Amino acid sequence: MAEPTWSMPGGFEPDGFEPDFGIAGAGAEGLDPDELCLARARQQAYRIAYRLVTDPFAPETLNVMEDFLDDAAEVQVAYMTVAARDERQLRARLDDLTASRRARRQGQGLGQGHEQGRGEGEGEGS
C-alpha cells in the first residue's frame, strides 16, 4: 500500500495529527503482512477522514482517497485472511504479540515499576 503524500510544508498535517496505531518504528515489529496491511489502511483512512473535515476540496484529499481505493482489493484480501482465523489462532496471535511487546519493553528498561510510574529505588517510603 502506498504511503500518502501531502504537499503541506513542514509535515503531514498542520496540527501534527498523525495516528500511528502502533505501526511506527518498532511498533510494526511482530505484525504479519496482513495485519500490517490492515493497520496501514486504518491509518490512511483516519488521515482521509481528517482531510475530509479540514480541507475536503483540496486536490491532495482527492488523490489520497483515490490511492486508498486503488489499494482496496489488497486490503480486503488481508481483512478476509485475518477474519478467517479461528478463536484458537487469534488467541495464539495475541499471545505472540503481547510477548513480543513485553520483551521489547523489558529490553528498553521499561518493566512493571516504570509502567506504574515508579522507577527503581522508589517505593512507598521514598
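The shown structure was predicted, so the numbers you read here are calculated from the model rather than taken from an experiment.
- Nearest heavy-atom pair across Ala41 and Phe68 is O-CE1, 3.5 Å.
- Counting only distance, with no hydrogens or angles, the side chain of Thr98 and the backbone of Leu94 share a donor-acceptor pair below 3.5 Å.
- Within 6.0 Å of atom CZ in Arg85, more than 12 heavy atoms from other residues, nucleotides or ligands are found, so the atom counts as buried in its surroundings.
- Within the 4.5 Å cutoff, the side chain of Val64 has no heavy atoms near those of the Arg47 side chain.
- Residue Glu66 places its CD atom among more than 12 non-hydrogen atoms of other residues, nucleotides or ligands, all under 6.0 Å distant.
- For Glu35 (side chain) and Asp32 (main-chain N/O), a donor-acceptor pair under 3.5 Å exists by modelled atom type.
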Between Glu74 and Val77, does a side-chain contact (heavy atoms from CB on, under 4.5 Å) hold up when you go through it step by step?
CA-CA 5 Å; Glu74 175 188 351; Val77 168; 5.9 Å; no
Please test Arg105 against Arg102 for side-chain contact (heavy atoms from CB on, under 4.5 Å), starting from the C-alpha separation and ending with a verdict.
CA-CA 5 Å; Arg105 282 186 187 149; Arg102 187 176 300 127; 5.8 Å; no
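- Pairing each heavy atom of Arg51 with each of Ala58, the nearest pair is NH2-CB, 3.5 Å.
- Just one of Leu90, Leu97, Asp95 meets the side-chain contact (heavy atoms from CB on, under 4.5 Å) condition when paired with Arg93; it is Leu97.
- Residues Met80 and Val82 fall within the same hydrophobic cluster, defined by Ile, Leu, Val, Met, Phe, Trp and Tyr side chains chained together at heavy-atom separations under 4.5 Å.
- The closest donor-acceptor contact from the side chain of Gln89 to the backbone of Asp86 lies under 3.5 Å.
- Looking at Arg40 and Asp71, their side chains never come closer than 4.5 Å, going by heavy atoms from C-beta outward.
- For the pair Thr61 (side chain) and Asp55 (backbone), a donor-acceptor distance under 3.5 Å is present.
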